[in-house]
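Notes for the one structure printed next.
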Amino acid sequence: MDPDARDRIIAAVRAVPRGQVAGYGEIARRAGLPGRARLVARVLGDAGDRALPWFRIVRSDGRIAFPPAHALHAEQATRLRREGVAVEGGRVRMARRAVQIDEAVWGPRA
DNA sequence: AATTTGACCCGTC
DNA sequence: AGACGGGCCAAAT
């Protein structure tokens with residue numbers, strides 16, 4: 001795969017601030033790769049841990065991508081809660097709504 | 001070389 | 001809320 005694209009994805013993931021979450025597709029867009037959410041997932045997998053805030057990346061509907069049985073599912077929820085993100089039923093609360101409200105008040109672009 | 005497999009997404013019904 | 005079809009595509013079978 002294109003190593004340049006990989007680097008841009010990594011950068012976009014790193015750019016997600018503490019206490020916030022972003023969707024795979026969102027990251028892809030921010031990396032200049034619209035429609036390539038799956039590539040983001042793949043890059044994250046290959047990257048292993050690599051000190052990346054991988055746990056801040058969730059599905060577009062707010063659900064954690066890993067199946068509940070998977071060990072990483074619990075780990076992701078734990079690490080998110082540690083940053084103050086509310087996770088219920090394997091799903092993130094607030095984040096998307098909060099972001100939209102911010103945009104409504106302050107205008108687009110953050 | 002062909003098919004299946006994913007840490008996915010979106011519009012539509 | 002869920003289902004369905006189509007898009008996406010590198011790796012692993």
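Because the structure is a prediction, the values reported are computed rather than measured. So you know, we letter chains A, B, ... as the sequences are listed, proteins then strands, and number each from 1.
- The same atom, C1', is picked in B:dA1 and in C:dA10; the two are 16 Å apart, to the nearest Å.
- Close approach of DNA chain B to chain A, defined as any atom under 4.0 Å from a non-hydrogen atom of the protein, starts and stops at B:dG6 to B:dC10.
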> When every nucleotide of nucleotides 1-13 of chain C is labelled 5' to 3' by its protein contacts under 4.0 Å (heavy atoms), B for base, S for sugar-phosphate only, - for none, what sequence of letters results?
Replying inline: S-----BBSSS--

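- When the salt bridge (Lys or Arg N to Asp or Glu O under 4.0 Å) test is applied to A:Arg36, no partner is found at least two apart in sequence or on another chain.
- Taking every heavy atom of both residues into account, A:Ala37 and A:Ala28 meet most closely at N-CB, 4.0 Å.
- Each salt bridge (charged side-chain N to carboxylate O under 4.0 Å, His left out) pair with one or both residues in residues 80-91 of chain A, not counting sequence neighbours, appears once here: A:Arg18-A:Glu83, A:Arg56-A:Glu83, A:Glu88-A:Arg93.
- Between B:dG6 and C:dC8, the two C1' atoms lie 12 Å apart (nearest whole Å).
- Residue pairs meeting the salt bridge (charged side-chain N to carboxylate O under 4.0 Å, His left out) criterion with at least one member in residues 62-71 of chain A, sequence neighbours excluded: A:Asp61-A:Arg63.
- For A:Arg50, there are no salt bridge (Lys or Arg N to Asp or Glu O under 4.0 Å) partners at least two apart in sequence or on another chain.
- For A:Asp46, the salt bridge (Lys or Arg N to Asp or Glu O under 4.0 Å) partners are A:Arg42, not counting sequence neighbours.
- With sequence neighbours excluded, the residues that form a side-chain hydrogen bond (donor to acceptor under 3.5 Å, both in side chains) with A:Asp4 are A:Arg8.
- By the salt bridge (Lys or Arg N to Asp or Glu O under 4.0 Å) test, A:Arg6 pairs with no residue at all, sequence neighbours left out.
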